[in-house]
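As the structure lists them, so they are numbered: ligands from 1, and atoms in each ligand from 1.
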Amino acid sequence: MTVKFLDLYSQYLSIKSEIDNAIDEVIRQSAFIGGRFVSDFEAAFAEYQQVTDCVGVANGTDALEIAIESLELPLGSEIIVPANSFIASSEAVTRAGHRVVFCDCDHETYTICVKDVLNKITPATKAIVAVHLYGHPCNMDRLLELSRQHNFAIVEDCAQAHGAEYNGRKVGGIGTIGTFSFYPGKNLGAYGDGGAIVTNDAGLAKKCRMIANHGRIGKYDHRFEGRNSRLDGLQAAVLKVKLKHLDHWIAARKGVAASYRDRLAAIPGLAIPGEAEWASHVWHLFVVRTEQRDPLRDFLTESKIETGIHYPISLPSLEAYRYLARDCSAFFSHWAAPRILSLPIGEHLSTDQVERVIEVVVRFFKDGQRGRFVQ
Ligand SMILES: *Cc1c(COP(=O)(O)O)cnc(C)c1O
């Protein structure tokens with residue numbers, strides 16, 4: 001039995017006629033840029049994420065960069081970013097003309113560590129990027145409290161957290177502004193690149209829409225120099241179809257996570273991911289931690305079970321951030337990077353496949369520790 005990490009083709013087959021019809025319709029209307037398909041999806045996604053405004057953009061990285069730009073912070077402001085994330089979270093800060101300040105992540109949820117945020121605040125701090133990593137919401141009440149005390153904005157990076165909730169509220173509209181990625185492998189993925197910005201601030205939404213569309217407010221009426229970063233009609237139509245199925249797919253992820261958590265919790269030497277009491281976790285990734293990471297990964301690979309590592313190198317340790325000359329080797333995220341492993345999760349997994357993953361992991365820790373990798 002093979003267990004894939006991700007299976008977008010099987011997902012397509014499960015909704016093939018809806019997707020094919022949607023794509024046909026966009027082509028028939030030649031509604032490739034702008035138009036009804038984009039505005040329909042924006043409205044549907046705003047409603048789903050419980051916000052007043054949604055602006056479709058070309059990808060999740062642009063969404064972050066444009067969202068940060070729309071805040072009009074003084075150039076060179078310090079923006080706090082968690083060390084455990086995809087590089088887009090920090091790249092966007094620098095690209096928008098600001099300075100990245102890395103902070104550590106929480107041991108249980110791997111999201112931004114509030115205590116360490118406090119250590120990193122200076123008078124130059126103007127924003128933080130709250131990454132709802134792996135689909136687990138950050139501790140928003142504590143972050144909102146700090147943002148009020150120290151007067152900084154909160155940009156929620158929701159690239160992995162479509163549908164996730166903090167105390168019953170969807171992420172994205174809790175802070176100042178929120179961003180999403182529709183990269184194909186995300187919980188809500190397009191058939192190419194796509195992204196969105198969400199907010200309850202109509203002024204910010206308008207600014208973002210202008211930045212993403214050449215600074216224009218009407219045809220050939222450009223109020224400033226913007227850029228070209230738009231969600232296209234085909235992606236919007238695909239996303240609108242997939243959005244209807246998202247809650248069902250999230251429920252499947254929760255089911256897989258519950259089985260893993262139930263059956264793997266008692267294994268000594270294996271740390272399973274936590275879920276805070278405020279969280280409705282959408283399990284984009286199920287990340288375990290062990291000293292035996294590489295042998296476990298090899299054992300799973302030999303057993304035809306695909307895994308991933310998110311992320312193998314913590315952001316401050318990347319070559320790209322050597323220029324910061326900050327020693328982050330004491331960070332938990334740095335220590336955890338060589339110990340974390342993402343198990344397969346998603347609606348593509350059958351009950352048998354989930355059982356198989358559990359069985360192989362259990363067997364590794366029973367026999368594997370003694371070097372007996374018996375199949
Ligand atoms: C995927 C991702 C992004 C970037 O999204 P793209 O659409 O690939 O540009 C940003 N932040 C996080 C946490 C991500 O996982």
Side-chain angles (χ1 to χ4, degrees), residues 5-6 8 41 45 49 54-69 79-96 100 102-103 105-106 109-113 127-138 154-164 171-172 175 177-198 208 211-212 227-232 234-236 238-239 242 253 273 281-287 308-316 318 320-321 333 337 340 342 345-346:
F5 192 73
L6 182 69
L8 294 175
F41 171 69
F45 195 62
Q49 290 297 147
C54 168
V55 179
V57 294
N59 56 68
T61 310
D62 281 5
L64 276 166
E65 202 179 312
I66 293 166
I68 293 169
E69 196 183 328
I79 300 186
I80 299 173
V81 182
N84 186 29
S85 187
F86 180 60
I87 191 170
S89 306
S90 47
E91 202 174 36
V93 167
T94 315
R95 289 262 152 202
V100 175
F102 285 117
C103 86
C105 70
D106 178 78
T109 67
Y110 299 91
T111 57
I112 196 163
C113 170
I128 71 163
V129 180
V131 184
H132 303 303
L133 198 73
Y134 306 154
H136 190 291
C138 299
I154 299 179
V155 179
E156 295 179 65
D157 180 347
C158 314
Q160 305 187 358
H162 319 73
V171 297
I177 195 162
T179 65
F180 287 85
S181 164
F182 304 122
Y183 178 83
K186 298 287 158 80
N187 283 13
L188 179 62
Y191 286 180
D193 275 314
I197 299 164
V198 300
C208 289
I211 295 171
R227 56 194 285 184
N228 179 356
S229 179
R230 298 178 296 226
L231 181 68
D232 68 69
L234 285 169
Q235 303 310 334
V238 166
L239 289 166
K242 289 179 71 169
R253 286 177 181 275
H281 193 335
V282 291
W283 301 102
H284 174 59
L285 294 167
F286 191 94
V287 177
I309 298 173
H310 304 87
Y311 292 91
I313 306 172
S314 84
L315 293 175
L318 290 171
Y321 291 108
S333 60
I340 51 181
S342 309
I345 191 162

- Query: How about F182 and D193: do any of their side-chain heavy atoms sit closer than 4.5 Å?
  - Reply: no
For [atom], find the nearest protein heavy atom and state the residue, atom name and distance (0.1 Å precision).
atom	result
atom 12 (C) of ligand 1	A159 CB, 3.4 Å
atom 1 (C) of ligand 1	K186 NZ, 1.5 Å
atom 11 (N) of ligand 1	D157 OD2, 2.8 Å
atom 9 (O) of ligand 1	T61 OG1, 2.5 Å
atom 15 (O) of ligand 1	Q160 NE2, 2.8 Å
atom 10 (C) of ligand 1	A88 CB, 3.5 Å

- Message: Within ligand 1, which atoms have a heavy atom of V131 less than 4.0 Å away?
- Response: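 Contacts of ligand 1 toward V131, numbered from 1: 13 (C).
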- Number the atoms of ligand 1 from 1 as they appear, then name those within less than 4.0 Å of a heavy atom of N59, with their elements.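 Matching atoms, with element in brackets: 7 (O), 9 (O).
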- Please work out which of the three classes, parallel, tilted or perpendicular, describes the rings of F86 and Y311, given edges at 30° and 60°. tilted
- In Å, rounded to the nearest 0.5 Å, how long is the span from CZ of R95 to CD1 of I68? 12.5 Å
- Query: Between NE2 of H132 and NE2 of H162, what distance do you get to the nearest 0.5 Å?
  - Reply: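 Answer rounded to 0.5 Å: 11.5 Å.
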So, [X] side chain and [Y] main chain: donor-acceptor pair closer than 3.5 Å or not?
X	Y	answer
K242	A190	no
E156	G172	yes
S229	V57	no
Q160	Y134	yes

- Task: Of the side chain and backbone of S85, name the one, both, or neither that has a heavy atom under 4.0 Å from an atom of ligand 1.
- Result: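 Near ligand 1, S85 shows its side chain, while the N, CA, C and O stay back.
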- Task: Have a look at ligand 1 and work out which part of T179, if any, has a heavy atom under 4.0 Å from it: side chain, backbone, both or neither.
- Result: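 Neither part.
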- Polar-atom distance check: G60 versus ligand 1, any N or O pair below 3.5 Å?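 N/O-N/O distance under 3.5 Å: yes.
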